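This report refers to the structure that appears directly beneath it.
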Amino acid sequence: MRAAVPSPPGESVAVLAFAGMSLFETGIVTEIFGLPRPELDVPWYRLTICAPARARPASPIPVVGGATLHPPAGLDLLASAGTVIVPGVESVHADPPPEVLEALREARARGARILSICSGAFALAAAGLLDGRRATTHWRYADVFRARFPHLDLDPDVLYIAEGDVWTSAGSAAGLDLCLHVVRTDHGAAVANAVARRLVVPPHRDGGQAQFIEAPVPPDADDDRIAASLAWALAHLRSPLTLAELARQAHMSPRTYLRHFTRATGTSPIRWLLRQRIQASLPLLETTDAPIEQVAAAVGFDAAVTFRHHFTNAMRTSPSAYRQAFRTTAAPAGGRPTATTSVPPGRAVRPGR
């Protein structure tokens, strides 16, 4: 199995390959960053899969399922990339090879953005890149992580956390959310939504969403009705929406609806609505000159002051500052924005919490 061919000029992305890896996490990275997307008309990414010299070229890397991987590049390219992604580690009980840790430290010292998916957080921790930062990993590794790195601030309850230029995510599918968030940060919500449509996945799950909820798959007709009420709410975000109205759409009492909603989504209806409205406002701020009052009304806030309050709580910046930052930084050729637009430095992605 050959690694992905680099895409057209843009941000350089390097993903680490290691023996025994699952191709799912690497496939996520390849799908987001490795496919040319000329229809989007933005500088896209250049993806390379990298591995330590001892794994190249004579010894293909064995991966889950019996296949082998032939990475085209070594750790020198990983250390020089603009974005470095660690999709996992060989063992959560031991450090990666010293040369891998050194490459990660070198990349960070150069100012690279470093991401981990699932157990990849163990490599970042071993390299010292998570010191003084909050981080997450797959919930099943939380106890091992805390035992090995008791000085670090681990939050295993969220999908992903972005602090400065070191970002961590939970289990496999959360890596897809984090990679889409990279696209959203670099190119804005409209481009990220277009990529999500190609993938046939939701365009945004905020990082503060719980990793594990009681009923991730609807087990009965009641939860199907919850799903139908959510679809209805998304189509009517502009309208005033109350718990009572959502419950009516699901043909439930408010109390029953609240119980089923929390079980099915892991959050409350009010918090869910706030997240959806903030998310819906991002393309309007990025692509139109509509006054903040009009943007607020278009996504269902009854007043601009209310919109500003909730937007600032969620994004740690004002709507006007977000718009200015996006328009200032979203268009440099051949590289990512110079300022974070969706997640300011030091802010864990936890809107609505």
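None of these values were measured; they are calculated from a predicted model.
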Roughly how far, to the nearest 0.5 Å, is the CE atom of M252 from the NE2 atom of H260? 5.0 Å
Salt bridge (Lys or Arg N to Asp or Glu O under 4.0 Å) with D155: of R134, R146, R133, only one passes, and it is R134
When you measure from the side chain of T306 to the backbone N and O of D302, does any donor-acceptor pair fall under 3.5 Å? no
Check the surroundings of atom CG in D131: do more than 12 heavy atoms from other residues, nucleotides or ligands lie under 6.0 Å from it? yes
Return a table of donor-acceptor pairs under 3.5 angstrom between the side chains of residues 72-80 and protein atoms on other chains or two or more places apart.
| from | atom 1 | to | atom 2 | distance (Å) |
| --- | --- | --- | --- | --- |
| S80 | OG | D76 | O | 3.4 |
| S80 | OG | L77 | O | 3.0 |

Non-hydrogen atoms of A296 and A304 that approach each other most closely: CB-CA, 4.0 Å
Could you tell me the separation between the CZ atom of R238 and the CZ atom of R277, rounded to the nearest 0.5 Å? 11.5 Å
Does T136 use its side chain to pair, donor to acceptor, with the backbone of S169 at less than 3.5 Å? no
Any side-chain heavy-atom pair of V15 and L47 under 4.5 Å: yes
Going through the distances and angles, do L124 and V166 end up as a side-chain contact (heavy atoms from CB on, under 4.5 Å)? CA-CA 9 Å; L124 273 55; V166 180; 3.9 Å; yes
Under 4.5 Å between any side-chain heavy atoms of I292 and S320, yes or no? yes
Could you tell me which non-hydrogen atom of R108 sits nearest to which non-hydrogen atom of A112, and how far apart they are? NH1-O, 3.4 Å
Nearest 0.5 Å, please: how far is OG1 in T168 from CG in L159? 11.0 Å
Heavy-atom closest contact (D165 atom, G111 atom, distance): OD2-O, 4.1 Å
Go through the structure and list residues passing ring pair (Phe, Tyr, Trp, His ring centres under 6.0 Å) with F122, not counting sequence neighbours. F145
Would a 4.5 Å heavy-atom cut-off, applied to side chains only, mark R225 and L230 as touching? no
Residues two or more places apart in sequence or in another chain: which of them pass ring pair (Phe, Tyr, Trp, His ring centres under 6.0 Å) with H309? none
Taking the side chain as everything from C-beta on, heavy atoms only, tell me whether I85 gets closer than 4.5 Å to L16. no
Atom pair CZ (R198) and CD1 (I32), whose distance is rounded to the nearest 0.5 Å: 10.5 Å
Any salt bridge between D186 and R113, counting N to O under 4.0 Å? yes
Go through the structure and list residues passing ring pair (Phe, Tyr, Trp, His ring centres under 6.0 Å) with Y141, not counting sequence neighbours. H138
Point-to-point distance, once rounded to the nearest 0.5 Å, from CZ of R271 to OG1 of T262: 9.5 Å
Could you tell me whether the side chain of W167 and the main chain of G164 form a donor-acceptor pair under 3.5 Å? yes
What are the two closest heavy atoms between P36 and P38, and how far apart are they? C-CD, 3.4 Å
Check the hydrophobic clustering (I, L, V, M, F, W, Y; side-chain heavy atoms under 4.5 Å; chains of links allowed) and say if L101 and I117 are grouped together. no
Can you tell if the side chain of L237 reaches within under 4.5 Å of the side chain of L273, non-hydrogen atoms only? yes
Do C50 and T48 have side-chain heavy atoms sitting under 4.5 Å apart? yes
CA sep, side-chain torsions, deciding dist, call: V182, F33, side-chain contact (heavy atoms from CB on, under 4.5 Å): CA-CA 10 Å; V182 169; F33 302 112; 3.8 Å; yes
If hydrophobic clusters are built by linking Ile, Leu, Val, Met, Phe, Trp and Tyr wherever their side-chain heavy atoms come under 4.5 Å apart, do W232 and F261 end up in the same one? yes
Given side-chain contact (heavy atoms from CB on, under 4.5 Å), test T267 with T265 step by step and report yes or no. CA-CA 5 Å; T267 189; T265 67; 3.6 Å; yes
Residue list, salt bridge (charged side-chain N to carboxylate O under 4.0 Å, His left out) with E31, at least two apart or on another chain: none
Judged by atom type as modelled, is there a donor-acceptor pair below 3.5 Å linking the side chain of S12 to the main-chain atoms of G82? yes
Does I61 form a side-chain contact (heavy atoms from CB on, under 4.5 Å) with H70? I'd like the steps, not just the answer. CA-CA 6 Å; I61 294 177; H70 297 257; over 6 Å; no
Salt bridge (Lys or Arg N to Asp or Glu O under 4.0 Å) between D177 and R184: does it pass, once the steps are laid out? CA-CA 10 Å; D177 297 309; R184 186 179 307 106; over 6 Å; no
Mind checking the CE-CD spacing from M21 to E90? Nearest 0.5 Å is all I need. 10.0 Å
Side-chain contact test, heavy atoms from C-beta onward, threshold under 4.5 Å: evaluate it for V13 versus R46 and give yes or no. no
Any side-chain heavy-atom pair from V183 and V191 closer than 4.5 angstrom? yes
Is a side-chain donor-acceptor pair under 3.5 Å present for Y322 with S281? no
Quick one: list whatever passes side-chain hydrogen bond (donor to acceptor under 3.5 Å, both in side chains) with S22, sequence neighbours left out. E25
Shortest non-hydrogen contact from A264 toward I226: CB-CG2, 4.3 Å
Can L258 be reached from L241 by stepping across I, L, V, M, F, W or Y side chains whose heavy atoms are under 4.5 Å apart? no
If the plane angle is over 60° it's perpendicular, under 30° parallel, otherwise tilted; pick one for F311 and F307. perpendicular
Minimal heavy-atom distance between A126 and R105, with the atoms involved, is O-NH2, 3.5 Å
Shared hydrophobic cluster for L234 and Y257 (ILVMFWY, side-chain gaps under 4.5 Å): yes
